[in-house]
Amino acid sequence: MKSYKIEKGGKDFVEYSYVFTKGTQYMINICAAAQPTDGIVVSLYDSNRNKVATSKINGQFISAIAYPCNTTGIYYIQYTFDGSTGYCGGSALGFKR
């Protein structure tokens, strides 16, 4: 399990990278002080920068995404702020083989 600090600072997004392994199920969750996600959106990109998952679906914010990895490589976990009031929160990455 890995945890991430989400603070807007001077950028429009916060990004981390992590090596995902084929055959592993990953779960990324978000928590914020206000509301469940406070407008924080997590998006997952593969090594080619293709978006493979997001926590904003049809205008609704969900607090976690699950991703079954089919290709080993570096993945980018990007947090953006869509109507956020606090611009900060926390996130955890967990996995199951």
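Under the rule for a ring-ring contact (aromatic ring centres under 6.0 Å, His included), Y76 has no partner lying at least two apart in sequence or in another chain. In terms of the side-chain hydrogen bond (donor to acceptor under 3.5 Å, both in side chains) criterion, N70 has no residue partners (sequence neighbours excluded). In this structure E7 satisfies the side-chain contact (heavy atoms from CB on, under 4.5 Å) test together with K5, C88, sequence neighbours excluded. With sequence neighbours excluded, the residues satisfying side-chain contact (heavy atoms from CB on, under 4.5 Å) with T24 are T21, Y26, F95, R97. For D38, the side-chain hydrogen bond (donor to acceptor under 3.5 Å, both in side chains) criterion is met by S84, T85, not counting sequence neighbours. Scored by the side-chain hydrogen bond (donor to acceptor under 3.5 Å, both in side chains) test, T80 finds no partners at all (sequence neighbours excluded).
Between I30 and I62, the shortest heavy-atom contact is CD1-O, 4.4 Å. Closest approach of K56 to V41, counting heavy atoms only: CB-CG1, 3.9 Å.
A centroid separation of 6.0 Å or more is found between the aromatic rings of F13 and F81. Two rings, from Y18 and Y75, have their centers 6.0 Å or more apart.
I65 places none of its side-chain heavy atoms less than 4.5 Å from the side chain of T54. Between D82 and F61, some side-chain heavy-atom pair lies under the 4.5 Å cut-off.
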side-chain contact (heavy atoms from CB on, under 4.5 Å), that's the test. Do D46 and T71 meet it? Break it down for me. CA-CA 9 Å; D46 66 14; T71 306; over 6 Å; no
From CA spacing to verdict: side-chain contact (heavy atoms from CB on, under 4.5 Å), Y67, V52: CA-CA 8 Å; Y67 179 71; V52 295; 3.7 Å; yes
Please determine whether side-chain contact (heavy atoms from CB on, under 4.5 Å) holds for the pair S63 and T37, giving the CA-CA distance in whole Å, both sets of side-chain angles, and the decisive distance to 0.1 Å. CA-CA 6 Å; S63 61; T37 66; 3.9 Å; yes
Begin from the C-alpha positions of Y4 and Y16 and carry the test ring pair (Phe, Tyr, Trp, His ring centres under 6.0 Å) through to its verdict. CA-CA 8 Å; Y4 298 101; Y16 296 97; 4.5 Å; yes
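With N48 contributing its side chain and N50 its backbone, the two residues share no donor-acceptor pair below 3.5 Å. The closest donor-acceptor contact from the side chain of S17 to the backbone of I74 lies at 3.5 Å or more, if one exists at all.
In terms of hydrophobic clustering, with Ile, Leu, Val, Met, Phe, Trp and Tyr side chains grouped at heavy-atom distances under 4.5 Å, I40 and I57 are assigned to a common cluster.
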